[in-house]
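Notes follow once the structure below has been shown.
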Amino acid sequence: MDATNLEVARIFNEIADLLEIKQESTFRVNAYRRAARAVESLSEDLRTIAQRGELRRIGGIGQSLAEKIEEYLRTGAIAYHEELRAAMPRGLAELMTIPEVGPKTALLLYERLGVSSVAALEEAARAGKVRQLPRMGAKTEQNILAGIARMRAQSARQPLGAVLPHAQAIAGALRGISGVEALSIAGSIRRMRDTIADIDIVVATRRSDAVMDAFVALPQAETVLSKGSTRSSIVLRHVGVQCDLRAVEPDSYGAALQYFTGSKDHNVQLRERAVRLGLRVSEYGVFRVRTDRRLAGRTEEDVYEALGLQWIPPEIREAQGELELAERRALPALVRVGDIRGDLHVHTTWSDGAHTAEAMARAARQRGYEYLCITDHSRSLKFAGGVTIEDLRAHARAVRHLSDRLGIRVLLGSEVDILPDGSLDYPDEVLESLDLVIGSIHSRFRMPRAELTRRVIRAMESPHLDILGHPTGRLVGQREPLDLDIDAVVEAARRTETVLEINASPERLDLKDTHVRLARDSGALFSIGTDAHRTEHFAYIDYGVGTARRGWVEATQVVNAWPLARLLDFLAR
DNA sequence: GCCGTTTTCGGCCCGACTGTTTTCAGTCG
């Protein structure tokens with residue numbers, strides 16, 4: 001996918017910021033923000049959708065915004081956006097990215113102090129000028145300076161894999177506090193989004209003050225941003241991530257968990273549905289509007305049930321059609337970690353892995369896996385200890401021996417480089433001898449879109465290629481997906497029966513969720529592989545399964561959730 | 001600016017926390 005969608009989303013968000021500073025109707029502002037989110041989470045290029053004339057079928061895009069998108073596709077800019085920017089000093093919208101500074105404060109700072117950049121604001125605050133403004137004091141001035149520092153320390157969303165372990169540690173510490181009756185991580189971590197802005201935790205308790213006291217006193221808390229009896233926020237030491245704790249009575253726990261799990265758009269749809277039914281949903285429960293009687297709240301299941309819906313797994317609460325299916329009780333049975341029967345993407349000391357094939361096989365068996373496929377790098381990947389053809393023969397014998405001894409079926413495969421021309425890095429007779437072949441791109445990323453797409457599709461057309469490994473080469477938060485025609489790749493996957501990998505390494509999560517959904521909708525098959533380079537990495541399967549679930553994938557569509565016999569049949573086809 | 005088994009006009013989420021007030025505005029989620 002090219003960068004168009006993200007660029008349009010960015011422009012819509014900036015328009016929203018500028019309109020907010022101009023004190024325009026909040027509904028108009030929200031419309032732009034909602035549209036930005038909708039565009040951001042699309043699995044297709046806007047250009048493709050526009051060509052089909054279906055822009056207005058995107059929820060939140062109407063006449064006016066569809067025209068603006070078309071204008072952007074035609075000219076690379078949106079005149080309305082340019083006008084707004086011209087009418088306001090550059091940097092004013094930037095001020096709003098500072099925590100503590102909203103539209104009102106930004107405008108006030110500009111009008112009274114002529115401040116229109118973060119640097120200028122910092123200077124004014126240091127000079128004690130901010131505290132002289134109406135409704136501003138020394139404390140606010142300090143908070144603004146702290147907000148600037150916080151923004152600089154941690155600007156972007158962090159990868160899920162970098163945050164989840166810390167969230168689990170906090171959750172574990174809170175479980176030990178007396179008075180905590182139930183607890184869950186909520187927010188985008190619970191939805192298993194690939195990047196995370198903050199940690200949300202919900203607790204059920206009848207002693208919220210004591211729980212909050214313990215929370216802000218945690219050794220992990222670097223600073224306390226706020227503290228109350230229902231909500232407190234801290235910033236975590238080292239990680240720099242904000243962690244919010246919400247406490248509710250046990251009777252409201254399910255409603256609070258639902259509410260704080262989001263997504264925002266999912267909750268908006270849920271509340272709209274409630275209104276139609278004469279109900280009201282809040283973090284305290286589901287209420288009948290007329291009588292104010294509480295109908296549900298203790299569990300999430302109750303909350304969805306009160307709205308006439310099947311319980312919806314957190315990973316698909318993204319306003320992508322899940323409510324309609326939940327109403328018909330027709331949600332997909334999403335793949336679970338327990339469905340996974342083996343790992344098909346594993347490295348060992350034969351190439352760049354840290355542990356031997358035997359150690360990896362033992363660790364896989366320990367996880368209860370039926371099978372494991374060793375897939376070290378192919379010969380061209382010299383820097384990763386690529387395996388020579390002679391060594392492969394020895395490995396085949398070693399792997400058979402392991403299967404006999406360890407009681408887990410160990411297959412021999414290879415993660416074969418897809419060379420720049422789309423050919424594979426071993427000759428056909430060598431590929432033929434392997435149980436399974438993953439094809440991956442590790443070099444020459446920056447090809448023109450058409451050429452790169454041809455390269456990948458040519459590799460998929462090889463009768464020996466079973467799995468396309470980390471198909472778009474993206475690295476979470478670091479490298480955007482390759483400039484591939486993803487629709488063409490998905491179509492080729494279906495045609496050639498090539499399995500698409502959902503690489504579970506938290507650095508990759510590739511395919512990403514929206515691409516998984518696209519491929520899933522067109523009937524592709526998936527393999528969830530951890531790309532483990534050491535035994536501990538088998539645990540990454542959680543991230544891969546989470547990503548698969550976000551793409552609505554069922555166990556039947558995942559080849560490594562199949563029993564060994566079926567998998568072998570498939571590979572031998 | 002979007003949207004419609006309440007509506008093509010009139011809705012669209014609001015509660016918690018902080019800081020600066022002297023009863024509440026602004027921000028955030």
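Residue numbering restarts at 1 for every chain, and letters A, B, ... go by the order of the sequence lines.
Taking atom P on both B:dC17 and B:dT21, the two are 22 Å apart, rounded to the nearest angstrom. When the C1' atom is used for both B:dA16 and B:dG11, the distance is 25 Å, rounded to whole Å. B:dT20 and B:dA25 are spaced 16 Å apart, taking the P atom of each and rounding to whole Å. Separating the C1' atom of B:dT27 from that of B:dC13 is a span of 15 Å, rounded to the nearest Å.
The closest side-chain heavy-atom distance from A:T140 to A:T105 is not below 4.5 Å. Counting heavy atoms from C-beta on, the side chains of A:F526 and A:R520 come closer than 4.5 Å.
For the pair A:H266 NE2 and B:dC13 P, the computed distance is 15 Å after rounding to whole Å. Counting to the nearest Å, the P atom of B:dC13 and the NZ atom of A:K264 are 10 Å from each other. Rounded to whole Å, the distance from CZ on A:R33 to C1' on B:dC13 is 16 Å. Following rounding to the nearest Å, A:K139 (NZ) and B:dT27 (P) show an atom-to-atom distance of 18 Å. We find that CZ of A:F260 is positioned 12 Å from P of B:dG29, with the value rounded to whole Å. For the pair A:I15 CD1 and B:dC2 P, the interatomic distance rounds to 11 Å; values are reported in whole Å. A:R276 places its CZ atom 9 Å from the P atom of B:dG4, with the value rounded to the nearest Å. Regarding A:E272, its CD atom lies at a distance of 19 Å from the P atom of B:dG10, rounded to whole Å.
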Listed pairs, N/O of protein and of nucleotides 24-26 of chain B, under 3.5 Å:
from   : atom 1 : to     : atom 2 : distance (Å)
B:dG26 : O3'    : A:T105 : OG1    : 3.3

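Look at B:dT8: it lacks any Watson-Crick or wobble partner with both distances under 3.5 angstrom.
Within residues 57-67 of chain A, the residues approached by DNA chain B to less than 4.0 Å at the level of any non-hydrogen atom are A:G59, A:G60, A:I61, A:G62, A:Q63, A:S64, A:L65, in residue-number order.
OP1 and OP2 of B:dT18 both lie 4.0 Å or more from every side-chain N or O belonging to A:K227.
Looking at heavy-atom distances under 4.0 Å, A:S232 makes no contact with the nucleic acid at all. Using a 4.0 Å heavy-atom cutoff across all strands shown, A:R273 reaches no nucleic acid atom at all. Within the 4.0 angstrom heavy-atom criterion, only backbone atoms of the sugar-phosphate kind lie near A:A138; the bases stay farther away. Contact annotation for A:L19: no contact, since no heavy-atom pair falls under 4.0 Å across all strands. Within the 4.0 angstrom heavy-atom criterion, no nucleotide atom of any strand lies near A:N30.
Note on A:R190 versus A:E300: salt bridge recorded, some NZ/NE/NH1/NH2 to OD/OE distance being below 4.0 Å.
Mapping A:I98 and A:Y32 onto DNA chain B by nearest heavy atom places A:Y32 at the nucleotide closer to the 5' end. Where A:Y284 and A:A106 meet DNA chain B, the nucleotide closest to each residue was compared, and A:Y284 sits on the side nearer the 5' end.
When the nucleotides B:dC17, B:dG19, B:dG29 are ranked by their closest atom to the side chain of A:T230, B:dC17 comes out on top.
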